[in-house]
Each structure stands twice: as structure tokens, then as C-alpha cells.
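Working notes, structure below.
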Amino acid sequence: MLINLSSALVNTLQERRQQLANLIDFPAILWSGNTNPRNFPANVFPYRASSHFLYFAGLPIPNAAIRLEAGKLELFLNEPAPSSALWHGEIPKREEIAEKIGANVARPMAELESWVEGAATIATQDAATWTQQSQLLNRWVLPQNPPQGIDLELAKAIVSLRLTHDAGALAELRQAAAVTVAAHKAGIAATASAKIEAEVRAAMEAVFITHNMTTAYNSIVTVHGEVLHNEHYHHPLQPGDLLLVDVGAETRMGWAADVTRTWPVSSKFSSTQRDIYNVVLAAHDACIAQIRPGVEYADIHLLAASVIAEGLVELGILRGYPQDLVAIDAHALFFPHGIGHLLGLDVHDMEDLGDLAGYEEGRTRSHRFGLGYLRLNRPLRPGMLVTIEPGFYQVPAILNDANVRSKYQNVVNWERLTQFADVRGIRIENDVLVTDEGSEVLTAALPSDANTVEDLVL
Ligand code: GLY
Ligand code: MN
Ligand code: MN
């Protein structure tokens with residue numbers, strides 16, 4: 001909290017507040033969120049401020065609120081207790097913090113209740129804070145409830161700002177991407193001498209800690225890539241295993257990267273692993289080649305689906321014409337998630353607002369197996385940052401399901417599939433900025449072609 005914001009960044013924050021003022025004609029109050037004690041008040045879980053707060057305030061100030069009106073920011077924050085200096089050192093006073101973030105006024109928290117009239121808000125994730133929000137605003141403000149009335153208007157205004165990134169955000173996102181690339185290189189290099197997944201994770205997160213960053217989400221470092229968000233790290237690394245590694249950094253100000261690579265523990269892909277890897281890579285490359293303003297992200301997802309279907313037909317795993325297979329969601333047996341999502345202050349940016357950010361107004365989620373997990377369904381615009389993350393997984397819960405087996409009985413060559421048993425999960429994920437001309441892969445410095453990945457593991 002002691003970091004200083006550059007004057008350029010303070011200007012950026014002021015511009016964001018002014019842009020919000022251009023979109024709404026009522027005040028907004030955004031809470032940062034409370035610290036959360038583990039077993040006594042001074043021993044807290046790692047603190048993460050609400051992203052909407054961070055977007056306008058810049059710094060992760062715990063237990064604070066900001067009131068935004070007509071481009072002005074009022075900070076509500078209590079002074080630290082006098083005794084806290086003993087344990088935590090000198091904490092800046094409210095006025096100093098207010099000055100750092102370019103606030104116009106600073107007041108104690110107790111005064112906030114006099115300033116809530118007519119104000120909109122967005123629910124924070126922690127219960128202590130949304131309870132306080134509900135009490136002060138005299139209406140339920142719950143993270144699981146879709147916002148309504150002026151809260152919905154505020155949410156839409158913030159979405160329209162956060163959908164595309166300004167220069168201040170991009171500088172942070174580039175730092176997160178660069179440190180994430182360095183972490184993946186460290187993880188690849190650590191594999192040869194690592195005995196269990198945790199050692200690779202440690203080598204990677206050490207890079208974040210060295211840069212005074214943290215993880216943007218719980219790291220996935222697993223030889224069981226078929227568990228999409230596997231958070232266990234105890235498995236031994238054995239020759240013949242693929243290690244699926246989805247690890248991304250978060251900067252001090254909360255901006256995220258989200259990168260996945262899959263590499264062979266032994267440094268050599270088996271022929272079956274290489275075949276599937278190249279199908280996933282072909283989908284990844286084809287999607288990135290199509291990214292430019294105006295393109296529908298749903299079409300990028302369908303492109304990945306058809307490249308994967310085509311590749312699996314060529315390998316004899318699926319039977320039929322790729323377009324027909326995609327139409328019956330046969331690709332989703334092996335690629336059950338969406339091609340990616342928005343990335344920004346959160347790894348699935350603004351998903352606290354449901355599909356308000358991800359889906360163009362008037363569009364809703366499909367009920368189709370192959371489309372239901374698509375998190376972004378909008379035409380792309382310059383300044384959007386999205387992930388592209390095709391994958392192939394043999395998920396037992398899908399492939400052993402009796403209904404799936406009977407529906408896709410003749411579409412899948414189940415016997416041929418058994419020959420690919422050493423491919424449990426592969427994903428390749430990069431962070432792609434939509435530019436005026438096309439796209440820029442912020443994480444391009446991390447190789448993804450099979451031969452180069454093999455060489456790096458050695
Ligand atoms: N790291 C989570 C995701 O890729 O969506
Ligand atoms: Mn992702
Ligand atoms: Mn990821």
C-alpha cells in the first residue's frame with residue numbers, strides 16, 4: 001500500500017472517473033472489501049481488493065470505499081489504530097493515501113452513511129462487505145444476484161469502460177504477461193530435476209514473488225490435465241507424463257495474465273501426444289490468425305471446434321465431416337470449454353457481473369454442450385484483451401457417461417481412442433490484445449511449437 005503511483009497513472013485514474021461521469025448521472029460507491037482474518041484479527045488471508053474499486057482507485061486499500069460523482073473521488077477510510085504501528089509499522093494516514101490516488105476529499109468510514117442517498121454500487125465478493133453495502137444502501141446487494149435499477153446502469157457503464165484497456169492498464173498487463181512468460185520458462189527448466197508437481201509450481205511462483213507479484217488465480221501444475229482446474233500438486237512426475245501448466249501473474253495493482261503450456265516430463269512427446277498436441281496447436285494458431293476488430297468471438301470458438309474436429313478425424317478418433325461433427329457437439333467430448341474469455345483486472349474479467357461483460361446485449365448463453373461454456377460472445381474491438389486456449393482432454397466423467405457413449409457411439413472410434421491413453425489433457429493458452437490492425441500476442445515470447453518446447457525441457 002506504500003507504493004507511489006506515477007503522475008501519469010494518477011491522470012489515468014482521473015480520466016477513468018471522468019469517463020464514468022460521462023456515462024451516469026448518479027453517484028457510485030465502490031467498496032474495496034474487508035480483510036479476512038484466519039484465526040485472529042491481525043493474521044489475515046492474503047488481501048485482494050475488489051477489481052471495480054482498483055480500476056478507479058488504483059491501489060488495494062483494505063476496508064475502504066470510494067464515492068464517485070461528476071468525476072470527483074471521495075475516499076472513506078478509517079485511520080489505522082494507534083497500536084497497529086507496533087505490529088505493522090507506520091501506516092500512511094488517510095490524507096496521505098487520498099493524495100496518492102488523487103482523491104478530492106477523504107473522510108472516516110462512519111461518515112459514509114450520510115453520503116449514500118441515490119448511490120449505485122456493485123456487490124463485493126466477501127460477505128462482511130456486501131452485508132455492510134446492503135445495510136447502508138437499505139437494499140440487498142448480493143454478489144449472486146444480478147444488479148438491478150441504478151446498480152445495473154452502473155455495472156453497464158463500468159463494463160463499457162473496462163471492456164477495452166487504456167494505456168495505464170496495458171502497461172500493467174504487459175508486465176504481468178512478461179513475468180508470466182519468465183515463470184513458465186523457469187517451470188520448464190525445473191522439470192528435469194523435479195520429482196513432484198509442487199516443485200515445478202514452486203519454481204514458477206518464485207518468479208512472481210521475486211517480482212513482488214502474486215498469482216492471478218490458483219496455479220494449475222498437473223499431470224492430470226483432464227481435471228480442468230486441478231489444484232493438487234502432490235503427484236510424482238513420471239516419464240511418459242504430460243505436465244499441464246496454467247499459471248499467471250497478477251501485478252501489485254491487480255492486473256492479470258493467464259497462460260497455459262503443456263510439456264512432456266521426459267522432454268520427448270510420444271507420437272500420440274505429439275499428434276494431439278499439434279491438433280490443439282493448429283486450433284490455437286488458426287484462432288489467433290483470425291483475431292481482429294469486428295470478428296465475432298463466438299466464430300473464433302467455432303473455428304477452434306472445427307479445427308479440432310478435423311484433426312481428430314485425421315487421427316481416426318472421430319468419424320464424419322468436421323462441420324457435421326461440430327453441429328452435433330462431437331468436438332466438445334474432448335474440448336468441453338470455451339475458446340477463452342476477457343482478461344484484465346480479473347482472470348475471467350468482470351465475471352462477478354455474470355454475463356453482462358462477456359455477452360453483447362441481447363445475447364444469452366447457449367444450452368448446447370459445445371457452446372454453453374463460451375464466456376465471451378461479442379464482436380472484438382481494439383483494446384480488448386482475450387485469451388485463446390484450445391485444449392484436448394479425456395475427462396472420464398464425459399467419456400464414460402452412458403448417455404454420451406450411446407449418443408456418440410458411431411461418431412467416436414472408441415477403440416482407436418484407447419491408443420491415445422497417454423494424452424489425458426493438453427491446453428495451449430495465450431493472451432491476445434485486439435489492435436486496430438489485427439492482434440498482438442502479449443505472451444508470444446513463450447514458445448509453443450512442439451520441438452521448441454521439447455528443447456526447453458532438456
Ligand atoms: N486459468 C483459468 C483459465 O484459463 O480460464
Ligand atoms: Mn484462461
Ligand atoms: Mn488459464
Side-chain angles (χ1 to χ4, degrees), residues 48 51 163 165 173 176-184 187-188 197 200-201 204-205 207-208 213-222 224-233 242-251 254-263 280-281 283-284 287-288 291 297-298 300-301 304-305 308 332 335-355 357-359 365 371-378 380 384-393 395 425-434 439 441-444 446 448:
R48 176 54 160 76
S51 294
L163 263 181
H165 296 300
L173 289 162
V179 171
T180 299
V181 167
H184 275 256
I188 296 174
E197 295 154 335
V200 176
R201 175 192 178 199
M204 299 182 75
E205 293 191 11
V207 176
F208 297 167
M213 292 190 187
T214 185
T215 49
Y217 50 92
N218 292 341
S219 297
I220 300 166
V221 182
T222 183
H224 285 287
E226 75 278 14
V227 180
L228 295 187
H229 284 175
N230 202 329
E231 290 177 8
H232 299 287
Y233 312 101
L242 289 178
L243 191 63
L244 187 153
V245 173
D246 185 347
V247 174
E250 175 178 296
T251 67
W255 298 86
D258 183 11
V259 171
T260 308
R261 288 293 184 275
T262 308
W263 60 81
V280 175
L281 186 62
H284 166 272
C287 289
I288 290 183
I291 295 211
Y297 192 76
I300 301 285
H301 175 77
I308 288 170
F335 171 45
H337 59 72
I339 188 61
H341 48 84
L342 292 164
L343 182 62
L345 274 165
D346 285 302
V347 64
H348 287 186
D349 210 24
M350 296 181 278
E351 280 190 22
D352 61 313
L353 301 171
D355 283 336
Y359 275 59
R365 292 245 184 172
L371 292 173
Y373 288 112
L374 186 58
R375 296 169 185 277
L376 177 58
N377 187 344
R378 283 182 181 272
L380 296 174
M384 278 183 176
L385 181 63
V386 298
T387 66
I388 290 296
E389 49 179 305
F392 172 97
Y393 316 88
V395 182
I426 291 175
R427 177 161 68 252
I428 303 169
E429 175 175 29
N430 278 300
D431 303 344
V432 187
L433 177 68
V434 184
S439 73
V441 181
L442 299 191
T443 46
L446 187 63
S448 53

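The figures that follow rest on heavy atoms only: side chains count, while hydrogens, waters and symmetry mates do not. Indexing begins at 1, ligand by ligand and atom by atom, following the structure's order.
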**Study point:** the Mn ion (ligand 2) contact by H348, N, O or S atom under 2.8 Å
**Key:** no

Check your understanding: Does the distance from a Lys or Arg side-chain N to an Asp or Glu carboxylate O, for R201 and E197, drop under 4.0 Å?
Key -> no

Review point. Has the side chain of R48 got a donor or acceptor atom that lies under 3.5 Å from a matching backbone atom of G254?
Key: yes

**Study point:** Total protein N, O or S atoms, the Mn ion (ligand 3), separation less than 2.8 Å
**Key:** 4

Review point. Is the closest side-chain heavy-atom distance between I308 and V280 below 4.5 Å?
Key: no

**Study point:** Side-chain donor-acceptor pair present, E389, T260, cut-off under 3.5 Å
**Key:** no

Practice item. For the residue pair D431 and T443, confirm or rule out a side-chain donor-acceptor distance under 3.5 Å. Key: no

Exercise for review: Kindly give the heavy-atom pair with the smallest separation between C287 and A304, and that separation in Å.
Suggested key: SG-CB, 3.6 Å

Exercise for review: Report yes or no: do Y393 and H337 form a side-chain donor-acceptor pair below 3.5 Å?
Suggested key: yes

Point to revise | Check: D346 side chain, H348 main-chain N or O, donor-acceptor pair, under 3.5 Å | key: no

Can you pull every nitrogen or oxygen pair between ligand 1 and the protein closer than 3.5 angstrom?
from	atom 1	to	atom 2	distance (Å)
ligand 1	1 (N)	D246	OD1	3.3
ligand 1	1 (N)	D246	OD2	3.0
ligand 1	1 (N)	D258	OD1	3.0
ligand 1	4 (O)	D246	OD2	3.3
ligand 1	4 (O)	D258	OD1	3.4
ligand 1	4 (O)	D258	OD2	3.2
ligand 1	4 (O)	E389	OE1	3.0
ligand 1	4 (O)	E389	OE2	3.4
ligand 1	4 (O)	E429	OE1	3.3
ligand 1	4 (O)	E429	OE2	3.2
ligand 1	5 (O)	H341	NE2	3.1
ligand 1	5 (O)	H348	NE2	2.6

Check your understanding: So, T387 and D258: side-chain donor and acceptor under 3.5 Å apart, yes or no?
Key -> no

**Study point:** Side-chain donor/acceptor of R365 to backbone N/O of Y359, under 3.5 Å
**Key:** no

